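Written out below as structure tokens is the structure these notes cover.
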Amino acid sequence: NRQFIEPDEEIYPTIFALKGMMSDLIGNKKAKIFAFMDFHGHSQKKNVFMYCSEFPVYDPNHLRIRIFPKLISKRTEMFRYNSCHFRIPQSKLTTSRAVFSGDYGITQFYTIEASYGSYMKKDRTIENFDSAKFKEMGSLISQCLYQYSVLLDNEEAARKSGIGGITLPSSISPVRSKGRIKGDPTTGMKETTQEFRRRYKSPKKKTFFSIDDFLEEIKNEVENTHV
């Protein structure tokens, strides 16, 4: 688990093979890795949470890396956002998230930790994990990753289309682009902010959001808690 810098082929064959595959994908085939997730079980902490990549405060990814776990936390009490870590201490520099983020430039690297035992709900009651809950958690992670990719697609399409009423952070570079937002800036046919958010409604609380909304919420939290 912590032998990712120079793994021995005989002692750590799976890690050696994984790094070889990543080098081939990114170096030779020029593949773009959207996200990398490493799943673990945790014997001490409750809930499901993440260890994430670390970025300096001036880097836009300092806030952006928090959007995916924030999305999951809004969907289920099994996931605890406040237990997530966005720093890589000296003792963890040989882990996959540290090495892969640095060597391969993977921005969105998430080590997902799931308690072997239980999770604490918002009312402080404890629920035990079972196979059904673990499967539900896995499904939610997949759904939220897709949801995040759609938000990024919309941001890029909005930036290219110049949609009126939507303010995008100028210092943040969008990741993906598929042009899903309708509107021709040459004819003035543009969606308003309300129309834009109506098409991407929160599946749980019936609220509207965009990348902007998440970044603003996360920025306020980081400033108040210094996480």
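The structure displayed is predicted, hence computed values, not measured ones.
Separating the OG atom in S83 from the NZ atom in K45 is a distance of 6.0 Å, to the nearest 0.5 Å. Atom-to-atom distance recorded for E217:CD and I67:CD1 is 10.5 Å, nearest 0.5 angstrom. With values rounded to the nearest 0.5 angstrom, L71 atom CG is found 6.0 Å from L151 atom CG.
Residues I141 and F39 are in side-chain contact: their nearest non-hydrogen atoms beyond the backbone lie under 4.5 Å apart. Between K19 and P7 the shortest side-chain heavy-atom distance falls below 4.5 Å. Looking at heavy atoms from C-beta onward, R64 lies in side-chain contact with L152 at the 4.5 angstrom threshold. Proximity of M50 to H85: side-chain heavy atoms (C-beta onward) are nowhere separated by under 4.5 Å. Using a 4.5 Å heavy-atom cutoff, the side chains of F109 and M37 are not in contact. Residues N220 and E216 are in side-chain contact: their nearest non-hydrogen atoms beyond the backbone lie under 4.5 Å apart.
In terms of heavy-atom proximity, C52 sits nearest to I65 at CB-CG1, 4.0 Å. For the residue pair V99 and F4, the shortest heavy atom distance occurs at CG1-O, 3.4 Å. The two atoms that bring I15 and Q3 nearest to each other are CG2-O, 3.7 Å, heavy atoms only. Scanning all heavy atoms of the two residues, the minimum distance from H62 to P56 falls at CB-O, 3.3 Å. The minimum heavy-atom distance between I218 and R66, with the atom names listed, is CG2-CD, 3.3 Å. When all heavy atoms of Y81 and S73 are compared, the pair lying nearest together is CB-CB, 3.7 Å.
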- Using the side chain to side chain contact (heavy atoms under 4.5 Å, CB included) rule, take I33 and M22 through it: C-alpha gap first, then chi angles, then the decisive distance, then the call. CA-CA 9 Å; I33 308 298; M22 295 298 296; 4.2 Å; yes
- Message: As a quick check of understanding, evaluate ring pair (Phe, Tyr, Trp, His ring centres under 6.0 Å) for Y110 and F36, giving each step before the final call.
- Response: CA-CA 6 Å; Y110 304 97; F36 193 108; over 10 Å; no
- Message: One pair to check against side chain to side chain contact (heavy atoms under 4.5 Å, CB included): F16 and I11. What are the steps and the verdict?
- Response: CA-CA 9 Å; F16 184 87; I11 301 176; over 6 Å; no
- Query: Between K133 and N128, is a side chain to side chain contact (heavy atoms under 4.5 Å, CB included) present by the stated rule, with each step listed?
  - Reply: CA-CA 9 Å; K133 287 186 172 66; N128 291 327; over 6 Å; no
- Message: Walk me through whether L93 and Q90 qualify under side chain to side chain contact (heavy atoms under 4.5 Å, CB included).
- Response: CA-CA 6 Å; L93 293 181; Q90 190 74 21; 3.4 Å; yes
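Cluster note: Y58 groups with no other residue, as no ILVMFWY side-chain heavy atom lies under 4.5 Å from it. Hydrophobic clustering, defined by side-chain heavy atoms of Ile, Leu, Val, Met, Phe, Trp and Tyr closer than 4.5 Å, groups M120 together with I126.
Legend: residues meeting side-chain contact (heavy atoms from CB on, under 4.5 Å) with E54, ordered by chain and number and at least two apart, are R87, I88. For D59, the salt bridge (charged side-chain N to carboxylate O under 4.0 Å, His left out) test picks out no residue, with sequence neighbours left out. With sequence neighbours left out, the salt bridge (charged side-chain N to carboxylate O under 4.0 Å, His left out) criterion links K46 to no other residue. Residues meeting the side-chain hydrogen bond (donor to acceptor under 3.5 Å, both in side chains) test with S131, sequence neighbours left out: none. Applying the ring-ring contact (aromatic ring centres under 6.0 Å, His included) criterion to Y104, with sequence neighbours excluded, gives F100. Taking F129 as the reference, Y119, F134 meet the ring-ring contact (aromatic ring centres under 6.0 Å, His included) condition, with sequence neighbours excluded. Under the ring-ring contact (aromatic ring centres under 6.0 Å, His included) criterion, F49 pairs with H42, Y51, sequence neighbours left out. Taking E136 as the reference, M78, L140 meet the side-chain contact (heavy atoms from CB on, under 4.5 Å) condition, with sequence neighbours excluded. Take T125 and apply the side-chain contact (heavy atoms from CB on, under 4.5 Å) test, not counting sequence neighbours, and it matches K121, D123. Remark: N82 engages no residue in a side-chain hydrogen bond (donor to acceptor under 3.5 Å, both in side chains) (not counting sequence neighbours).
At distances below 3.5 Å, not a single donor-acceptor pair connects side-chain atoms of S101 with backbone N or O atoms of A98. Between the side chain of K135 and the main chain of D130, no donor-acceptor pair closer than 3.5 Å is present. Not one N or O on the side chain of T76 forms a donor-acceptor pair closer than 3.5 Å with the backbone of I72. Looking only at distances, a side-chain donor or acceptor of N47 sits under 3.5 Å from a matching main-chain atom of E77. Under a 3.5 Å cut-off, the side chain of D24 and the backbone N or O of G20 do not form any donor-acceptor pair.
Between E113 and R97, no side-chain nitrogen of the basic residue sits less than 4.0 Å from a carboxylate oxygen of the acidic one, so the salt-bridge criterion is not met. Ionic pairing of K70 and E221 is present here: one or more N-O contacts between side-chain nitrogen and carboxylate oxygen are shorter than 4.0 angstrom.
Defined by atom type and a distance below 3.5 Å, a donor-acceptor pair is missing between the side-chain atoms of Y116 and Q44. Side-chain N/O atoms of S96 and D38 include a donor and acceptor closer than 3.5 Å.
Heavy atoms from other residues, nucleotides or ligands lying under 6.0 Å from CD of E6 number 12 at most.
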